[in-house]
Amino acid sequence: MVHLWHILSNITLGIKKSLDVLDVRGLYINCGVRETNQVLIDYGTFQTECHERHFWLVVKSGFLSPMVRIEVEDHRGVHFLSGQRAAECGYTVFFNHRGDLVFRASFLACHVDNQGDSEVRLRGWLVTKQLEGKDLAYPFLLQCSPHWPWASREMVCEENYMEVSVKRPLPAPLGSDVVRSGVMFHGPGLHTEESRPRPVTEAGALGYHVSVSSSRIVMRCPYSSPFSFTLKVRSCCYLDRGFVPPPPRVRVDRDPQYSACRCNRRTQDTGVELEVVNATVLYPHQGQTLAISFTAACPLNEATAEGARLLWSAPHVLTPLVRERPRNWGMRMGVETLVLGECAVKDRGYQLRLSDGLMEVSVPFGAEGTHIKSGVLDGRYSQSASMDLFYMHQWEEERWPLTQHRSFRLLKTPYVPRNPTLTDNTSPSQEVFWVTLGAFPLDVSLHNVTVGGQGDPLPWDQVLNPNRTHSYQLHVPFSHPLVLQEFGEGGYRKYSLSLTFALSISPPGEVFYHNATIVSDVHEPTATLPTPIPAPPRLEGRCMENGFLVLLHYGAQGRSWELFLGARQLDWELVKTGGFKVETEEEYFSVRIPLFSPGIIFQELSLQGLVAQVEVSVVDINTLKVEDRVIQNCIFHVRELQVCLPDKRMLIVTDTSRTVPPTQSIRTSLLDPSCVPRETDGVRALFNFSLDSCGTTETVMGDLVVYENRVLYLQEPLSGDHPLVHSDWLTIQCRYPKSDPGTVFSAQPVNSTFDLSPLPPLKHTRREASGRGVGLYVAVVGVAVILVGTLIALKMRL
């Protein structure tokens, strides 16, 4: 069972502390005063788990302030964990790819309330640092019971430390045993003086933490400790005796069978590097001193890429830990806190295989549990896959009845070139090229598509896929002037379309190109085709980079019709005031509608994009019948945007990667430090706040009421004993006429150098049946928006 302790309660007033600023794997620690506060926390902000021998706490990125730390508490008080101290005591803190804070603690860590190794509790404080130097502290209690009995020997290879615990000799009276214990270190190249017995206090000063619980003796140390060394394990060869266990199982099973194996020449020249600490704890017991082996071995190899799969391997036999023939093998694996069964492993496309003495974990790029980051390598589109892997295997031998070895690894592959997938669904019967490019992760955006790098960009649609990827679709008629035509024998005509896709990756804005040529052969018989039945006019909506494109396909000639944008007729006055662009072609009439023009309905703004809608209908002038209607919804991915609403609220999306140096999006706030972003994605922050809050100032300037605030960008602390923390800011304003609160004006941000251009839109179209009347009233809700550095002020009609 895991639960939060008084997460929504009043925060107790803490004492002033004097602590250095330290960096714990990206988590910045500072000093300050803890302040009383009461806040409402959204459900799911804190997620807790008991997993294997660890407490887990995940805090969503949107809740984190620019500076945050975690402290732990026991009966002796509240304890600050520096980077070194966290590793020695069994704590790991990092930010995952979503920007969430992940806190992991060993059940045997320092300051844990251990009830006979059968129930463990950890009290802590999540402390958020405010810009004025005060702390807001949120207490929590993590409580767990081990799911399985303790093994005689257990090892943990964490991101920042190695831990070994063994069963304590019985009887085991508590007291000063650990103080009277000694530690000896062994390894290649150690002199006699270095191998001498050392008191536990001296070992602790070198980074080796030794402790006892009611049933366990524990030793823990950071990686690259003074007496650690590296060793390459030669695949399946175990001390040249050569035997291999049977194939592994996903769940831990006990199988009394084992079989001999043989090393081949290829595996004799390969291996995996391990970091090893070979120690002996001298433990006083019933008037004697017992020498207990405390050897730890952890794989150092990183993930590699094998085609479109992430590959990580570990020795099936960890030779520094095995002294006799091992028996009863088994393993299990998981992602983050989720342990995967055999069916889940198969469904996700994971593979576990024993190859030449190495246990290999193979995971497809983009599979559930992985994260894909795009990049450009030598001008080519490339991808890197990452995952938070848990891996455990166990064995038995004569000396140790049961050994369990657990690894927690944040794996990330190097960038691997990937050719974008282009799908050709061309329909020769309709004389249209239909092309789909992708799928891509969400960090890839299409800027434009041209035919052979010439002419105006082609329109495209963005389609979201269920697996959080997206694709781009476009269709080009065979009649396009840049489509090449060749006549062949037998009545065939060949149509060729050469496309150039220009795409970018955000962040950091790298650009790459993809070229493709599509060819279609069409048979054109000489017989005269029958006269087609007259067709009614047909509307088609598309999403463009900066707005909407509506095409009216004429259908039967000689008919009179009118276009309506919502309830308003599309006349030349609307075209002029709205900045529309109309074109008349042989087969269709097109209208390009800018994003921020009259008639656009804005539905939602989030980091996923600005959701906008346009409704267009075509009406027969003589019968007033609605021949067709299209409702086009598009999601415009904006890098930066400011919106002033008539209910005296402001929404702002800001790109924190454009500051110098770049700022983490979670390290932003408004003038009131408690007003932190509603959403963050690592490089952007979204604020949604009322203009009578968050330190907003109100000033009357003639006939206008001006509301002003600032987005503060808190920079990373610099290194040194007394680092400096400074911040940049972006001034934001909304202006309202005193006489007409339904009209909104917005001022361009002061000292803004940001690129506010939107990224390519997503598409969602809803078509309604024809035959409905046009006497519908459409409420036009406009917003004042800063876009590409240009001020657009729109009137609000509610």
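The shown structure was predicted, so the numbers you read here are calculated from the model rather than taken from an experiment.
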Full working for side-chain contact (heavy atoms from CB on, under 4.5 Å) between Phe94 and Asn160: CA-CA 10 Å; Phe94 60 92; Asn160 56 331; over 6 Å; no
For His54, the option from Phe408, Tyr91, Phe107 that meets ring-ring contact (aromatic ring centres under 6.0 Å, His included): Phe408
Enter the distance from [X]:[atom1] to [Y]:[atom2] here, rounded to the nearest 0.5 Å.
X: Ser362; Y: Leu352; atom1: OG; atom2: CG; value: 9.0 Å
X: Arg53; Y: His147; atom1: CZ; atom2: NE2; value: 9.5 Å
X: Phe46; Y: Leu101; atom1: CZ; atom2: CG; value: 9.0 Å
X: Leu410; Y: Glu158; atom1: CG; atom2: CD; value: 8.5 Å
X: Thr48; Y: Leu57; atom1: OG1; atom2: CG; value: 7.0 Å
X: Thr370; Y: Leu389; atom1: OG1; atom2: CG; value: 12.0 Å

Considering only NZ, NE, NH1 and NH2 on the basic side and carboxylate oxygens on the acidic side, decide whether [X] and [Y] come within less than 4.0 Å.
X: Arg104; Y: Asp388; result: yes
X: Arg332; Y: Glu52; result: yes
X: Arg69; Y: Asp135; result: yes

Output yes when a side-chain donor or acceptor of [X] lies under 3.5 Å from a complementary backbone atom of [Y], and no otherwise.
X: Tyr208; Y: Glu202; answer: no
X: Arg220; Y: Leu108; answer: yes
X: Ser145; Y: Glu119; answer: no
X: Arg168; Y: Ser213; answer: yes
X: Asn301; Y: Ser313; answer: yes
X: Glu275; Y: Ser228; answer: no
X: Ser152; Y: Leu402; answer: yes
X: Trp312; Y: Leu411; answer: no

Between [X] and [Y], is any pair of side-chain heavy atoms under 4.5 Å apart?
X: Thr403; Y: Leu321; answer: no
X: Val166; Y: Phe294; answer: yes
X: Arg323; Y: Trp400; answer: no
X: Leu126; Y: Phe103; answer: no
X: Met162; Y: Cys221; answer: yes
X: Phe227; Y: Leu206; answer: yes
X: Pro441; Y: Gln383; answer: yes
X: Thr128; Y: Tyr138; answer: yes

More than 12 heavy atoms from other groups under 6.0 Å of [atom1] on [X]:
X: Arg468; atom1: CZ; answer: no
X: Lys373; atom1: NZ; answer: yes
X: Glu368; atom1: CD; answer: no

Proximity of Tyr161 and His209 rings by center, below 6.0 Å: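 Distance test on ring centres: not under 6.0 Å, no.
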Identify the heavy atoms of [X] and [Y] that sit nearest to each other, and give their distance.
X: Thr337; Y: His51; value: O-ND1, 3.5 Å
X: Thr45; Y: Asp42; value: OG1-O, 2.7 Å
X: Pro299; Y: Pro315; value: CG-CD, 4.4 Å
X: Gly207; Y: Gln84; value: CA-NE2, 4.2 Å
X: Ala367; Y: Tyr350; value: CB-CE1, 4.0 Å
X: Val416; Y: Gly307; value: CG1-O, 4.1 Å

Residue pair Arg309, Glu360: steps toward the salt bridge (Lys or Arg N to Asp or Glu O under 4.0 Å) verdict: CA-CA 12 Å; Arg309 302 183 72 92; Glu360 295 182 347; over 6 Å; no
Residues Ser106 and Glu163: side-chain donor-acceptor under 3.5 angstrom: yes
Residues Glu302, Arg409; criterion salt bridge (Lys or Arg N to Asp or Glu O under 4.0 Å); working and verdict: CA-CA 9 Å; Glu302 299 293 337; Arg409 295 297 304 270; 3.6 Å; yes
Stepwise side-chain contact (heavy atoms from CB on, under 4.5 Å) check, Met219 with Val277: CA-CA 10 Å; Met219 187 182 77; Val277 173; 4.1 Å; yes
Derivation of the side-chain contact (heavy atoms from CB on, under 4.5 Å) call for Arg153 and Arg399: CA-CA 10 Å; Arg153 180 173 65 162; Arg399 186 174 184 183; over 6 Å; no
side-chain contact (heavy atoms from CB on, under 4.5 Å) assessment of Leu318 paired with His393: CA-CA 11 Å; Leu318 293 166; His393 68 290; 4.0 Å; yes
